[in-house]
There are 2 protein chains.
Amino acid sequence: MDLDRDGAALTAQLVDIPSVSGEEGPLADAIEGALRPMPHLAVHRDGNVVVARTMLGRPERVILAGHLDTVPIADNLPSRTEGSRLYGCGTTDMKSGVAVQLRLAASLTSPGRDVTYVFYDCEEVAAERNGLLRLSRTSPELLDGDFAVLMEPSSGEIEAGCQGTLRAEVTAAGRRAHTARSWMGRNAIHEAGDILGVLRAYSPREPDVDGLRYHEGLNAVAIRGGVAGNVVPDECVVTVNYRFAPDRDAAQAEDFVRSLFSAWPVTVLDVADGARPGLAHPAAAAFVAATGAAPRAKLGWTDVARFAALGVPAVNYGPGISEIAHTPDEYVETGAIAACEARLRAWLSG
Amino acid sequence: MDLDRDGAALTAQLVDIPSVSGEEGPLADAIEGALRPMPHLAVHRDGNVVVARTMLGRPERVILAGHLDTVPIADNLPSRTEGSRLYGCGTTDMKSGVAVQLRLAASLTSPGRDVTYVFYDCEEVAAERNGLLRLSRTSPELLDGDFAVLMEPSSGEIEAGCQGTLRAEVTAAGRRAHTARSWMGRNAIHEAGDILGVLRAYSPREPDVDGLRYHEGLNAVAIRGGVAGNVVPDECVVTVNYRFAPDRDAAQAEDFVRSLFSAWPVTVLDVADGARPGLAHPAAAAFVAATGAAPRAKLGWTDVARFAALGVPAVNYGPGISEIAHTPDEYVETGAIAACEARLRAWLSG
């Protein structure tokens with residue numbers, strides 16, 4: 001792996017080492033092999049997580065983090081260039097961001113801020129497999145810092161904080177009967193119409209948090225009910241997903257959902273706190289100034305929230321395009337890779 | 001098998017030969033073995049169907065039909081007697097009726113009407129396995145007759161005709177989106193609330209057909225939708241079951257359902273015509289007079305409809321209790337077995 005290549009060429013090289021979630025070993029090996037010999041970096045390997053740090057004793061430390069894995073390949077490898085675009089699995093989400101990390105790690109031998117470069121596995125799959133979560137439990141000291149930038153696709157915009165997410169089951173009950181004498185029972189699926197009515201009447205909050213506008217959402221993501229083709233069903237379960245702005249924590253989100261559906265039993269399946277933007281920290285403010293981008297609220301949940309849980313403010317900022325992430329035709333503008341690298345280099349050198 | 005025993009003892013003997021659907025062989029063998037030697041009966045065997053007929057050349061022929069199979073055993077064998085009740089799998093549905101058939105077949109050597117006794121398999125499972133359906137296709141001449149009595153549990157009442165049944169899928173469509181930006185999509189489960197609204201607003205018909213009052217019903221029997229926990233779903237399918245009175249045929253039932261849900265795609269899964277009561281036929285009128293019972297409408301679909309499709313009016317009339325059919329604690333009143341036998345004997349001898 002040649003870290004002297006430009007960002008686009010390096011992205012292509014990274015994309016052509018397939019690394020679907022769970023199969024990041026070869027790519028992690030290549031990255032470790034490229035960084036380990038560099039005397040200005042302390043390199044740590046944990047499974048398929050690679051952490052490389054400058055140890056200059058600077059007053060501030062910032063983190064650049066990116067995941068190595070991709071969604072499954074969809075007949076979109078190897079990478080190919082068409083005009084200004086580089087196509088292929090992982091180009092936008094997020095090997096172009098990883099290329100920027102690697103370029104900076106190799107060339108910034110004496111940055112103005114100490115930098116921790118984190119490359120991790122299994123971001124695209126269930127949370128319990130996430131390499132960043134594992135590292136935060138086994139070696140949290142490696143994630144110490146004042147501010148973190150996740151190199152997730154953000155079209156070169158700063159996406160700050162993130163919304164939380166809660167999933168819960170709301171259950172309508174009934175009484176079984178033969179459908180030939182349905183008035184002997186009570187139909188739980190019909191009853192669930194009232195649950196759907198609550199969802200349809202819901203009006204989303206759009207609160208300002210630290211100057212950024214968030215936008216909540218409440219949706220049924222699953223519904224199931226039915227016993228047999230001739231039976232009035234006695235249960236219908238609606239699974240709802242509440243996306244909540246970071247001015248609410250998990251407990252408040254749960255209270256809200258329980259009060260909204262107070263007429264029915266509610267079982268919370270999982271909940272993850274969001275993260276406030278945290279742009280007041282000096283390192284964050286300097287980052288905003290250096291990039292010249294106006295921060296906007298991040299609506300989707302990302303690993304930004306893991307840093308927030310560790311007390312590290314974090315933003316998403318990367319050259320990829322979030323709208324086309326996970327599509328077979330994902331691509332990245334090669335110019336965006338260079339621009340992202342230049343802005344981060346200016347910030348870290350300052 | 002001793003057909004000289006009283007009906008209750010014979011029922012117990014039949015119950016103690018297990019015959020869950022698909023495993024009726026030993027019971028069919030026992031019945032064939034008991035009837036085959038009787039000179040007044042012509043016996044026909046087809047798989048696990050046994051047909052025994054008097055061949056006296058009477059001007060009328062009537063059919064007594066009963067199924068041999070039961071729902072799965074639920075720790076309720078062998079049979080046991082408590083006071084006036086005989087408990088056990090199949091006591092009420094419907095080996096008490098089969099016992100009455102066998103007692104009449106053995107003893108009525110010269111009935112006033114020719115009688116066809118039909119014992120068949122696989123009534124409790126999918127229609128394509130039903131022994132009566134198979135016989136109606138392979139040997140319909142064995143089911144010729146002027147009137148049929150199905151010995152299904154009816155508490156000694158005459159349940160005439162039956163309602164038809166139609167199942168259909170009604171599909172709400174939407175547009176997928178990430179739930180963090182749900183306003184980019186359209187939630188099909190929320191949309192299905194309108195389908196449930198139609199079901200809840202439905203007001204059942206209760207038409208008189210040939211003097212009997214039927215009672216229709218329209219129910220959701222299943223609902224499904226959902227892509228993933230973070231995706232606004234683009235499809236929600238509601239399965240509805242329409243039970244329709246026998247003044248409507250299958251085509252009219254389908255038209256009704258399609259017009260009710262005209263805002264959505266409707267796919268008909270299956271439909272079975274009902275059967276008009278058909279009590280105007282002289283043999284039916286004589287049956288009603290002999291039993292002294294007031295006919296009522298049969299709401300559930302039964303094999304009565306198969307006889308109707310062959311042009312044979314039919315009723316349900318048996319000693320079992322339909323409300324406790326298929327329950328682990330099913331039983332039959334032993335007195336009801338004797339009463340049912342006495343009334344049928346009077347009718348057939350007349």
Side-chain angles (χ1 to χ4, degrees), chain A residues 162-163 165 167 174 177-185 187-202 204 214-233 236-243 269-270 298-302 322-323 325-326, chain B residues 162-163 165 167 174 177-185 187-202 204 214-233 236-243 269-270 298-302 322-323 325-326:
Chain A
C162 78
Q163 295 197 132
T165 179
R167 287 189 314 131
H178 197 290
T179 52
R181 289 173 292 276
S182 54
W183 51 93
M184 307 287 285
N187 193 313
I189 295 177
H190 297 194
E191 166 86 7
D194 282 340
I195 296 173
L196 301 184
V198 169
L199 289 168
R200 297 170 78 167
Y202 165 80
Y214 288 84
H215 191 149
E216 299 195 333
L218 180 66
N219 272 272
V221 292
I223 190 167
R224 66 175 191 272
V227 175
N230 60 354
V231 176
V232 173
C236 182
V237 180
V238 183
T239 306
V240 300
N241 181 212
Y242 175 41
R243 298 283 174 152
L269 299 177
D270 49 43
K298 178 67 181 177
L299 302 180
W301 195 93
T302 79
S322 65
E323 288 76 4
H326 300 192
Chain B
C162 78
Q163 295 196 135
T165 179
R167 288 189 315 131
H178 197 290
T179 52
R181 288 174 293 275
S182 54
W183 50 92
M184 306 286 286
N187 194 314
I189 295 176
H190 297 194
E191 166 85 9
D194 283 339
I195 297 173
L196 301 184
V198 169
L199 290 167
R200 297 169 77 167
Y202 165 80
Y214 287 84
H215 191 150
E216 299 194 336
L218 179 66
N219 272 273
V221 292
I223 189 167
R224 66 176 191 274
V227 174
N230 61 354
V231 175
V232 173
C236 182
V237 180
V238 183
T239 306
V240 301
N241 182 212
Y242 175 41
R243 298 284 174 150
L269 301 176
D270 49 43
K298 179 66 179 176
L299 302 181
W301 195 93
T302 79
S322 65
E323 288 77 5
H326 302 193

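Labels below follow one simple rule: chain letters A, B, ... track the order of the sequence lines, proteins then strands, and each chain is numbered from 1. Worth knowing before you read on, the calculation uses all heavy atoms, side chains too, and leaves out hydrogens, waters and symmetry mates.
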**Student:** Counting only heavy atoms closer than 4.5 Å, note whether A:Ala228 contacts chain B via side chain, backbone, both or neither.
**Tutor:**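 Just the backbone, heavy atoms under 4.5 Å.
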
**Student:** Which of the residues B:Gly229, B:Gly197, B:Cys236, B:Gly217 is involved in the greatest number of heavy-atom pairs with chain A at under 4.5 angstrom?
**Tutor:**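 Ranked by contacts with chain A, first place is B:Gly229.
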
**Student:** What part of A:Thr239 gets closer than 4.5 Å to chain B, counting heavy atoms only: side chain, backbone, both or neither?
**Tutor:**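 Interface part for A:Thr239: neither.
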
**Student:** Under the rule for ring-ring contact (aromatic ring centres under 6.0 Å, His included), what residues qualify as partners of B:Tyr242, not counting sequence neighbours?
**Tutor:**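 Testing B:Tyr242 for ring-ring contact (aromatic ring centres under 6.0 Å, His included), a comparison that skips the adjacent residues, returns B:Phe244, B:Phe256.
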
**Student:** Among B:His215, B:Met184, B:Glu216, B:Arg181, which residue forms the greatest number of heavy-atom pairs with chain A at distances under 4.5 Å?
**Tutor:**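 Most heavy-atom pairs under 4.5 Å with chain A: B:His215.
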
**Student:** Would you say that B:Gln163 contacts A:Thr179 through its side chain, given a criterion of any heavy-atom pair below 4.5 Å between the two side chains?
**Tutor:**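 Side-chain contact under 4.5 Å: no.
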
**Student:** Could you list the residues that satisfy ring-ring contact (aromatic ring centres under 6.0 Å, His included) with B:His178, not counting sequence neighbours?
**Tutor:**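 Checked B:His178 against ring-ring contact (aromatic ring centres under 6.0 Å, His included); zero matches.
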
**Student:** Given side chains that start at C-beta, do those of A:Thr165 and B:Asn230 come closer than 4.5 Å, heavy atoms only?
**Tutor:**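 Not touching, per the 4.5 Å side-chain cut-off.
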
**Student:** If we define contacts as heavy-atom pairs under 4.5 Å, which of B:Gly225, B:Pro204, B:Gly300 has the most with chain A?
**Tutor:**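 Looking at each of B:Gly225, B:Pro204, B:Gly300 in turn, B:Gly225 comes out on top.
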
**Student:** Going by distance alone, is a donor N or O of one side chain under 3.5 Å from an acceptor N or O of the other, for A:Ser182 and B:Asn219?
**Tutor:**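 There is such a pair between these side chains.
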
**Student:** Do you know which two heavy atoms are closest between B:Pro233 and A:Ala220, and how far apart they sit?
**Tutor:**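 Closest approach of B:Pro233 to A:Ala220: CD-O, 3.3 Å.
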
**Student:** Identify which of A:Arg224, A:Lys298, A:Arg167, A:Arg200 forms the greatest number of heavy-atom pairs closer than 4.5 Å to chain B.
**Tutor:**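 If we count pairs closer than 4.5 Å to chain B, A:Arg200 comes out on top.
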
**Student:** Where on B:Leu196 is there a heavy atom nearer than 4.5 Å to chain A: the side chain, the backbone, both, or neither?
**Tutor:**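 Side chain of B:Leu196 only, per the 4.5 Å heavy-atom cut-off to chain A.
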
**Student:** Relative to chain A, which of B:Asn187, B:Ile223, B:Leu199 shows the most heavy atom pairs under 4.5 Å?
**Tutor:**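 Highest number of heavy-atom pairs under 4.5 Å: B:Ile223.
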
**Student:** Taking side chain as everything from C-beta outward and backbone as N, CA, C, O, which of these in A:Leu218 sits under 4.5 Å from a heavy atom of chain B? Side chain, backbone, both or neither.
**Tutor:**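 It is the backbone, since no side chain atom gets that close.
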
